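A short worksheet on the structure shown next.
All values reported here derive from a predicted model rather than from experimental measurement.
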Amino acid sequence: MTQDPAAPAQPRKKDRTHWLYILVIVAVIAGVILGLVAPETAKGMKPLGDGFIKLIKMIIAPVIFCTIVLGIGSIARAATVGKVGGLALGYFMAMSTFALGIGLVVGNLVHPGEGLALKPYTPAKPGDVNGTVDFLLHIIPEGLPVLPTLFVALLIGFALQQLGESGKPVIKAMTYLQALVFRVLMMIMWTAPIGAFGAIAAVVGSTGWSAIGAMLLLMGAFYATCIIFIVVILGTLLRVVAGLNIFKMLRYLGKEYLLIFSTSSSETALPRLMAKMEHAGVSKPVVGVTVPTGYSFNLDGTAIYLTMSALFVSNAMKIPLSIGEQLGLLLFMIVASKGAAGVTGAGLATLAAGLQSHRPELLGGMGVIVGIDKFMSEARALTNFTGNAVATFLIGKWVGELDQDTARRVLDKEIPFDEATMLSHHHEIDDRKSPTAPEQSLEGHPQSSLNVETRERVNSRDYR
């Protein structure tokens with residue numbers, strides 16, 4: 001049954017995670033107040049944060065397993081679109097790796113977290129009054145080892161590639177399993193306000209104002225790094241390759257940035273990005289491949305966050321990571337971070353996986369990150385979104401599918417964007433979800449199912 005074009009559009013249901021973020025902010029403020037006003041009472045709240053970290057630790061292995069298996073399949077599908085898909089994947093993988101390296105460099109220069117002296121939760125001795133707390137914490141099962149899980153996931157992913165068509169039922173089943181795992185993860189994330197309250201109250205109660213200063217330093221350094229990455233790195237690439245100005249592009253996408261910032265999600269901004277990139281002179285096939293691929297594999301902001309947060313926890317717990325361990329962590333994050341795109345809480349799970357795989361004792365300090373994660377989430381999303389836009393221009397230029405004159409005139413506001421274009425494009429995306437809709441093909445390349453599959457995921461996942 002086709003919908004009457006004249007019928008009014010159904011109002012969009014508000015994402016409930018918006019309230020989760022508000023609750024986390026309220027919990028952080030309450031934890032800080034309690035830590036400053038009643039330090040001894042605040043220290044007793046630490047098991048709340050430890051319990052949340054145990055829940056995250058429990059779900060790490062399933063998240064990593066599902067996302068890596070399906071991620072390898074996504075890479076294989078993207079590669080079938082030929083030159084554009086290959087360039088997009090290569091570019092996104094290179095930039096995410098570069099961003100991880102930048103996070104490590106800045107973290108080693110700024111030394112966030114120093115002076116906090118965080119300590120992991122220690123189980124009670126027989127007869128201690130917190131025996132009930134230990135009992136409740138032991139109900140939560142220990143997580144599976146991360147590195148063996150990653151290894152098995154890689155083997156299964158490559159095996160599914162070799163199965164070809166016969167492996168599709170397995171991939172479909174894995175998709176359902178991933179949806180179930182992410183639903184459990186989302187249930188766990190709804191306990192984040194409790195965990196954030198306990199963790200922040202305990203650390204502020206123990207260290208006072210120095211904890212607040214350390215958290216502000218991490219957030220400030222992270223925001224500054226993201227800004228430098230956008231302006232210097234992405235801006236230089238955009239100018240050298242496409243001859244375009246990064247500040248004009250940021251102005252052109254201003255409404256999309258406001259949408260991301262106000263809703264804490266870029267789900268609504270992604271269709272607009274595709275429409276605006278086409279309006280700015282990038283061909284429809286290039287946009288149709290690059291933007292959805294970037295949605296899953298472009299993790300510039302998330303990559304910076306992962307490595308800087310890992311160093312923050314390391315410094316805060318006075319357990320320094322050697323250069324070799326940092327490089328090992330970087331290599332792990334290159335693979336595991338592909339599971340951090342698009343799912344609320346997956347970034348925390350990926351960070352926990354990296355810490356557990358290298359220095360499990362560092363997991364005890366992640367509670368502070370839970371408290372300030374929300375304050376860094378918008379910067380992650382905005383950086384990822386900007387990287388996606390820049391990549392679309394660059395790849396369009398590399399494959400000869402960018403009209404530079406049109407792009408310059410659009411960014412100079414000589415050709416304003418018509419909202420009707422976005423509405424038309426959005427209906428086209430909806431039509432392409434239909435099984436009877438023809439697939440868009442790249443000129444000179446095989447037809448690709450990546451666009452339809454990835455856009456379906458866009459509608460159910462948050463661009464984190």
Determine the minimum heavy-atom distance between [X] and [Y], stating which atoms define it.
{"X": "Thr383", "Y": "Ala379", "result": "OG1-O, 2.7 Å"}
{"X": "Pro320", "Y": "Ser314", "result": "CA-OG, 3.4 Å"}
{"X": "Val399", "Y": "Val286", "result": "CG2-CG2, 3.8 Å"}
{"X": "Gly167", "Y": "Leu160", "result": "O-CD2, 4.0 Å"}
{"X": "Pro193", "Y": "Leu23", "result": "CG-CB, 3.7 Å"}
{"X": "Phe92", "Y": "Ala391", "result": "CE2-CB, 3.4 Å"}

Tell me whether [X] contacts the main-chain N or O of [Y] through its side chain, where contact means a donor paired with an acceptor under 3.5 Å.
{"X": "Gln404", "Y": "Ala242", "result": "yes"}
{"X": "Gln326", "Y": "Leu321", "result": "yes"}
{"X": "Asn388", "Y": "Asn384", "result": "no"}
{"X": "Asp300", "Y": "Gly387", "result": "no"}
{"X": "Thr149", "Y": "Ala61", "result": "no"}
{"X": "Thr290", "Y": "Val287", "result": "no"}
{"X": "Ser309", "Y": "Tyr305", "result": "yes"}
{"X": "Lys276", "Y": "Tyr252", "result": "yes"}

What's the spacing between [X] [atom1] and [Y] [atom2] if we round to 0.5 Å?
{"X": "Leu330", "Y": "Ile323", "atom1": "CG", "atom2": "CD1", "result": "11.5 Å"}
{"X": "Leu329", "Y": "Leu100", "atom1": "CG", "atom2": "CG", "result": "8.5 Å"}
{"X": "His279", "Y": "Ile415", "atom1": "NE2", "atom2": "CD1", "result": "6.0 Å"}
{"X": "Leu362", "Y": "Ile319", "atom1": "CG", "atom2": "CD1", "result": "5.0 Å"}
{"X": "Leu273", "Y": "Glu278", "atom1": "CG", "atom2": "CD", "result": "10.0 Å"}
{"X": "Leu351", "Y": "Thr307", "atom1": "CG", "atom2": "OG1", "result": "9.5 Å"}

Practice task
Determine, stepwise, if the pair Ile304 / Arg380 fulfils side chain to side chain contact (heavy atoms under 4.5 Å, CB included).
Solution key: CA-CA 8 Å; Ile304 296 171; Arg380 294 201 303 268; over 6 Å; no
Exercise for the section: Tell me, with the steps shown, if Leu411 and Asn245 meet side chain to side chain contact (heavy atoms under 4.5 Å, CB included). Expected result: CA-CA 8 Å; Leu411 296 187; Asn245 186 289; 5.9 Å; no
Exercise for the section: State, without any angle test, whether Thr386 and Tyr257 hold a side-chain donor-acceptor pair at a distance under 3.5 Å. Expected result: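 Per modelled atom types, Thr386 and Tyr257 side chains form a pair under 3.5 Å.
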Would you check if [X] and [Y] make a side-chain contact, meaning some heavy-atom pair closer than 4.5 Å?
{"X": "Phe65", "Y": "Ile156", "answer": "yes"}
{"X": "Met274", "Y": "Lys284", "answer": "no"}
{"X": "Met308", "Y": "Leu104", "answer": "no"}
{"X": "Val282", "Y": "Lys397", "answer": "no"}
{"X": "Val69", "Y": "Phe158", "answer": "no"}
{"X": "Phe52", "Y": "Ile194", "answer": "no"}
{"X": "Pro112", "Y": "Asn315", "answer": "yes"}
{"X": "Leu311", "Y": "His111", "answer": "no"}

Exercise for the section: Begin from the C-alpha positions of Glu414 and Arg408 and carry the test side chain to side chain contact (heavy atoms under 4.5 Å, CB included) through to its verdict. Expected result: CA-CA 9 Å; Glu414 295 178 15; Arg408 291 192 186 97; over 6 Å; no
Quiz: residues 221-237 side-chain donor-acceptor pairs under 3.5 angstrom, not counting sequence neighbours:
residue: Tyr223; atom: OH; partner: Phe375; partner atom: O; Å: 2.7
residue: Thr225; atom: OG1; partner: Ala221; partner atom: O; Å: 2.7
residue: Thr236; atom: OG1; partner: Val232; partner atom: O; Å: 2.4

Problem - Pairs where residues 233-250 contributes a residue and the test salt bridge (charged side-chain N to carboxylate O under 4.0 Å, His left out) is met, not counting sequence neighbours - result: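 Residue pairs with at least one partner in residues 233-250: Lys248-Asp412.
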Problem - salt bridge (charged side-chain N to carboxylate O under 4.0 Å, His left out) contacts touching residues 319-329 (sequence neighbours left out) - result: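 Pairs touching residues 319-329 that pass the test: Glu325-Arg359.
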Handout entry: Pair Phe393-Met277, side chain to side chain contact (heavy atoms under 4.5 Å, CB included): steps then yes or no
Key = CA-CA 8 Å; Phe393 278 123; Met277 290 296 100; 3.8 Å; yes
